[in-house]
Amino acid sequence: MSITTIDTAIEPRILTGSQAIIESIIAEGTDVMFGYPGGQVIPIYDALYDYTDRIHHVLVRHEQAAVHAAEGYARATGRVGVCMVTSGPGATNAVTGLADAMMDSTPVVLISGQVSASLLGTDSFQETNFVGITQAVTKWNIQVKRAEDIPDAISRAFYIARSGRPGPVVVDITKDAQVARTPFKYSRTENIRSYVSRPEVDIRSIEDAVQLINLSRRPMALVGQGVQLAGAEKELLAFLEKSGMPAASTLLGLSSLPSSHPQNVGMLGMHGNYGPNVKNRECDLLVAIGMRFDDRVTGRVEDFGINAKVVHLEIDPSEVNKLIYADVPVIGDIKDTLPMITERISGGKYEEWIDEFRACYDVEYEKIIREETCPTSGAVRMGEVVHKISTAVRDSAIMVTDVGQHQMMAARYFKYYNPRSIITSGGLGTMGYGLPAAIGAKLGMPGKRVCLFVGDGGFQMNIQELCTILQTRVGVKIILLNNGYLGMVRQWQELFFNERYSFTTLVNPDFSLIAAANGIEYARVEKRDDLDAAIERMFFHDDAFIMEVKVDSGENVFPMVPAGAAVTDIMLE
């Protein structure tokens, strides 16, 4: 493997492998890391003791949470999230977080301790083949057995994690490598010959895409998270404003385009907006920009975009033609390819076409949105809580969610003004993601309000991370939407399993006592009349706050595309 590097050190110093690890991640700009000590990383933690003025280590309460916190940090900042765990169960506890980061293309570097090289393969205490275990859920991984190999391994890890289509990387380091001494000279990797992070653009694909766009009469742009990963939000706006076409977003792509933009027609997919789903069949062109045609977006594949040509802008060739055939694949970094297309298109006028989406929104508003966001009677609704909080924070907040009904409600009714203002588990749908991800997001963006929407089920998956807040004093605002159920599963049981509510009812603890035990301010809302005052109190308080809202236990999320159905079969009730 040939590597092009840039030297950042003048004279080598003699360091332990553990010191080399810390110096290397600092050289990559790491200022916050998340971790949990254990037997096979004690030398690294011992070295870290002398670096507390240069790097903020956050002690989580579970290794899964370390990875999710690093994900939240990465998603909020656009930088690489860093975490560290010990061998054996410490490492295997991190696998869910790695899988989540892999599915959502989140740049994370996980440093794991490992038993000494002489003990590898002997089933020694807390030994696992972590490199073998994580091959399927990482972009790259490596085991380091010599101290002198540590800087190069970490340099490559950061480069691979953040470049091209981002993703998680594991650097597994044996204990003897951590304690051995080595000359230290760090060089940041800028190129790896066998790894193509930015594919060369085929100008013919640009020209073919331009031709389809110029000929289209009913086009729609499908905007994915790839826009934000590429930092191409301005390029997206320029393309949309010149082309004139409507644009819908995937769940993770939502904040790529401001909610108020006149060409923004909403969210795609299973619980997306009515317009972009039902109009899918009428499109003559779909321009997919940094999205991978997830099954939650496409519904029944054979019925997706059946009358449309497809232009697919994507950096990862493996995603092209995986589910949806692309008539014109445009492989490359969309920060490069999108302006090339924008420069060449003639622009169109699609006001009447966009008006058809607005008419669909009006139907959705009357049937669903009005009652969901502005009810006048009955129990408090999840949508109205999200709507009120979004109105209160306007453009100053990052919204983090856990997974479930509240996730879809939050995605639908929160308003997006700035890029990177939604952080949620998309591809893996990981319950327990929200609380640690919110901690990481707040530490990455301390000047932003971070609002976590979480259900009572997902909250308890990683509820121990309230102790991380207790110790670190992270000012996360936690909106606990408590319906007493595993709500999304209950909804499916109601609609598709004859209301047989098998093991989805939750008997919950007194969350006020849990908040008090962790030194966190708390308010409970059971009546609509108390909601505004509780929101005002939460945002007036500088530190972390838990606002528990008792919401309608029988509430369902609509619209909804049933599993296996076409997106045009979307249900409004």
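Note that this is a predicted model, so its numbers are computed, not measured.
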Residue pair Lys335 / Gly231: nearest heavy atoms and the distance that separates them: NZ-O, 2.8 Å
Short N-O contact, Glu366 and Arg370, less than 4.0 angstrom: yes
Ion pair Arg381/Glu371, N-O distance below 4.0 Å: yes
Nearest heavy atoms of Val380 and Glu526, plus distance in Å: CG2-O, 4.3 Å
Main-chain N/O of Asp395 paired with Asn418 side-chain donor or acceptor, under 3.5 Å: yes
Close side-chain approach of Val82 to Phe34, heavy-atom, < 4.5 Å: no
Over all atoms of both residues, closest heavy-atom pair of Gly269 and Val561: O-CG2, 4.0 Å
Salt bridge (Lys or Arg N to Asp or Glu O under 4.0 Å) assessment of Glu319 paired with Arg165: CA-CA 11 Å; Glu319 291 294 347; Arg165 180 181 179 176; 2.7 Å; yes
Heavy-atom neighbours of Lys367 NZ exceed 12 at 6.0 Å: no
Axial cation check for Tyr485 ring with Arg490, 6.0 Å and 45° limits: yes
Nearest heavy-atom neighbours spanning Ser255 and Ile422: OG-CG2, 3.7 Å
Atom pair CD (Gln228) and OG (Ser421), whose distance is rounded to the nearest 0.5 Å: 7.0 Å
Closest contact, heavy atoms only, Ala74 versus Pro107: CB-O, 3.5 Å
Nearest non-hydrogen partners of Val297 and Val567, listed with the distance: O-CG1, 3.3 Å
Audit row: Ile213, Ile341, side-chain contact (heavy atoms from CB on, under 4.5 Å) steps and yes/no: CA-CA 9 Å; Ile213 291 169; Ile341 292 173; 3.7 Å; yes
Heavy-atom donor-acceptor pair, Gln263 side chain to Met245 backbone, under 3.5 Å: yes
Arg449 to Phe539, cation-pi by 6.0 Å centre distance and 45° axis angle: yes
Ser425 (side chain) donor-acceptor with Thr430 (main chain) under 3.5 angstrom: yes
Backbone N/O of Ser197 and side chain of Ser163: donor-acceptor pair under 3.5 Å: no
Arg292/Asp294 ion pair, N-O < 4.0 Å: yes
Arg473 side chain vs Ala544 backbone, donor-acceptor pair below 3.5 Å: no
Reported OG1-to-CG distance for the pair Thr472 and Leu443, which is rounded to 0.5 angstrom: 7.0 Å
With sequence neighbours excluded, residues passing ring pair (Phe, Tyr, Trp, His ring centres under 6.0 Å) with Phe453: none
More than 12 heavy atoms from other groups under 6.0 Å of OH on Tyr36: no
Ring pair (Phe, Tyr, Trp, His ring centres under 6.0 Å) assessment of Tyr413 paired with His387: CA-CA 6 Å; Tyr413 299 123; His387 175 68; 7.9 Å; no
Between CG on residue Leu506 and OG on residue Ser553, distance to nearest 0.5 Å: 11.5 Å
Lys/Arg N to Asp/Glu carboxylate O, Asp31 vs Arg54, below 4.0 Å: no
Sub-4.5 Å side-chain heavy-atom contact between Leu240 and Leu257: yes
Lys/Arg N to Asp/Glu carboxylate O, Lys322 vs Glu314, below 4.0 Å: no
Polar side-chain atom of Asp456 near backbone of Gly484 as donor-acceptor pair, under 3.5 Å: yes
Ring centroid separation His312 to Phe293 under 6.0 Å: yes
Intermediate values then yes/no, salt bridge (Lys or Arg N to Asp or Glu O under 4.0 Å), Glu364 and Arg358: CA-CA 10 Å; Glu364 183 179 346; Arg358 302 300 176 209; over 6 Å; no
Verdict with supporting geometry, Trp353 and Cys283, side-chain contact (heavy atoms from CB on, under 4.5 Å): CA-CA 10 Å; Trp353 172 228; Cys283 291; 3.7 Å; yes
Distance in Å, Glu573 CD paired with Ile368 CD1, rounded so as to fall on 0.5 Å steps: 8.0 Å
Side-chain donor/acceptor of Lys477 to backbone N/O of Val450, under 3.5 Å: no
Steps toward salt bridge (Lys or Arg N to Asp or Glu O under 4.0 Å) verdict (Arg537, Glu521): CA-CA 10 Å; Arg537 179 185 164 198; Glu521 287 291 312; 3.3 Å; yes
Check ion pair Glu384-Arg528 (N to O, under 4.0 angstrom): yes
Steps toward side-chain contact (heavy atoms from CB on, under 4.5 Å) verdict (Gln491, Val557): CA-CA 8 Å; Gln491 176 169 335; Val557 185; 3.8 Å; yes
Asn483 side chain to Asp552 backbone, donor-acceptor under 3.5 Å: no
Side chain Gln405, main chain Leu486, donor-acceptor under 3.5 Å: no
Leu435 vs Leu466, side-chain contact (heavy atoms from CB on, under 4.5 Å): CA-CA, chis, key distance, verdict: CA-CA 8 Å; Leu435 180 55; Leu466 293 177; 4.0 Å; yes
Aromatic plane relationship, Phe459 with Phe511 - under 30° parallel, 30 to 60° tilted, over 60° perpendicular: tilted
Donor-acceptor contact present, side-chain Asn518 to main-chain Ile514, <3.5 Å: yes
